[in-house]
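Worth knowing before you read on, the calculation uses all heavy atoms, side chains too, and leaves out hydrogens, waters and symmetry mates. Note that the structure is a prediction, hence the values are computed from the model and not measured.
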Protein chains: 2
Amino acid sequence: MTETKKPYHHGDLREKLLSAATNLIADGGVDNLSIRKLADKVGVSRTAPYHHFKDKNELLCAIAEQGFYQQDQIVRAISTQKTDLPAAELFEEYVLTYIRFANENSETYDLMYGRDIWKAGQPTESLKAISKNCFKLWLEWITVLQAEGVFESNHPPLRIAQSSWAALHGLCRLFNDGVYINQDDVDEIAKTTVEILIKKTS
Amino acid sequence: MTETKKPYHHGDLREKLLSAATNLIADGGVDNLSIRKLADKVGVSRTAPYHHFKDKNELLCAIAEQGFYQQDQIVRAISTQKTDLPAAELFEEYVLTYIRFANENSETYDLMYGRDIWKAGQPTESLKAISKNCFKLWLEWITVLQAEGVFESNHPPLRIAQSSWAALHGLCRLFNDGVYINQDDVDEIAKTTVEILIKKTS
DNA sequence: AATCAATCTTGACAGTGTCAAAATTGATTA
DNA sequence: TAATCAATTTTGACACTGTCAAGATTGATT
């Protein structure tokens, strides 16, 4: 998280830009973030940010990167704190936390997994690295859970990891994008999803 | 699909705008569609489109609406053509077709279920109507399938409809947005998803 | 033939991302 | 200490964007 190059004059322009940009996105979405508005907010000229981020895409990638870091922290806390929970319940806890994160940081989540960066733009190498790592962790956990009998063993763990994550992601997006609107339902749908995903033990 | 008002001078500006807009979106995404470029392509002045669509949002809604209509047609064809298939296999067929549609019309799909319209913009009444109808059909089918034993009966059909659709949607989006990149995997992941969703009959 | 309203165009305004060139300034070297 | 250098910031410019207001065109209606 420490930067290799500290800006000369302003002192910590890069950091200030990042936090201000995150704020702008938090209230108003990515559309609310323009380089010029951002520069204005921080108190520099329109093109000053271009000395710290090659272009808008790189700025967005940097924000998304922070998001991954943050999400990783939150989610990692579960497995270390709730060690007494049985595997299946820990999984449910994870899912609910994941969805809550997506819900509370909806605009960041949008950036992290949205087309703005991954399709329309170009993901930074470091962004690719951290996101790939996040999925790797997920895959490893799924592998363990499958060995423990939480998931069926008739599919390779990679496929289960992919389709289960897609299920989570889809739910997040539908709420996030305003297609599903009733926020009260989110927990119940999430729990239904979990129960469908895990092995039936009846 | 027939319009109530035919434009005076141009003859069928509205239709031409719609199809040209759909083309622009098809190659280059929503970002590639600007009112001005569109007007230029059709051969009218920059503001001519505003006499047929209140603003860009309404144009996007109209395109999305066509998408829903199209998707409905494609998907409806399955249940009428393959009447001999057992319910579970018909469901798989549906899922694969749905995903294929999302894949082949990725930009339209993006519009249909994306934040551009539902969160950032404002969905038209007619768009809300047709999309709601699509989900209603899905829900009704899920209800039938549950009664037939394809799905577990320990959850209300609404919840199953919501979470299963979310699973599909998530898969579509991950490929659509360039997060999942290996297109060869899509069918296999889809089949895994289906097998996870439906009731185990071992 | 005159009127009207739907349609289309021209002009304008406030935004946007980003490039090129000039200005500032802290640190480094002579 | 003074001169040089390179990192940083600014100003100016360009080509875009959506959309509003006002005027021009024109088919249909009276």
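For D40(A) and dT16(C), the CG to C1' distance is 14 Å, given to the nearest whole Å. In this entry the distance linking NE2 of H51(B) with P of dA24(D) reads 15 Å, nearest Å. For L33(A) and dT18(C), the CG to C1' distance is 15 Å, given to the nearest whole Å. Spacing between atom NZ of K41(B) and atom C1' of dT17(D) amounts to 17 Å, rounded to whole angstrom units. For R36(A) and dT11(D), the CZ to C1' distance is 11 Å, given to the nearest whole Å. In this structure, D116(A) places its CG atom 14 Å from C1' of dG17(C), rounding to the nearest Å. If you take NZ of K56(B) and P of dT17(D), they are 9 Å apart, rounded to a whole angstrom. In this structure, Q122(A) places its CD atom 18 Å from P of dG17(C), rounding to the nearest Å.
Both I35(A) and S45(B) lie close to DNA chain C; mapped to their nearest nucleotides by heavy-atom distance, the more 5′-ward contact belongs to S45(B).
The side chain of A48(A) sits closest to dT10(D) out of dT19(D), dA13(D), dT10(D). Closest contact between the side chain of D55(B) and the listed nucleotides dC8(C), dT19(D), dT16(C) involves dT19(D). Checking dC8(C), dT19(D), dG17(C) against the side-chain heavy atoms of Y50(A) singles out dG17(C) as nearest.
For NZ of K37(A), the number of neighbouring non-hydrogen atoms (other residues, nucleotides, ligands) closer than 6.0 Å is greater than 12.
P123(B) approaches C61(B) most closely through the heavy-atom pair CA-SG, 3.9 Å. Considering all non-hydrogen atoms of both residues, I78(B) and Y94(B) come closest at CD1-CA, 3.8 Å.
Partner of H169(A) under the side-chain hydrogen bond (donor to acceptor under 3.5 Å, both in side chains) criterion, chosen from Y98(A), Y113(A), Y109(A): Y109(A).
Counting non-hydrogen atoms under 4.0 angstrom, T47(B) reaches a base of the nucleic acid.
Checking dT30(D) for Watson-Crick or G-U wobble geometry (two distances, each under 3.5 Å) identifies dA1(C) as its partner.
Distance CG/L158(A) to OG/S163(A): 9.5 Å, rounded to 0.5 Å.
At a cut-off of 3.5 angstrom, counting only N and O atoms as typed in the model, there is no donor on one side facing an acceptor on the other between the side-chain of R46(A) and the base of dG17(C).
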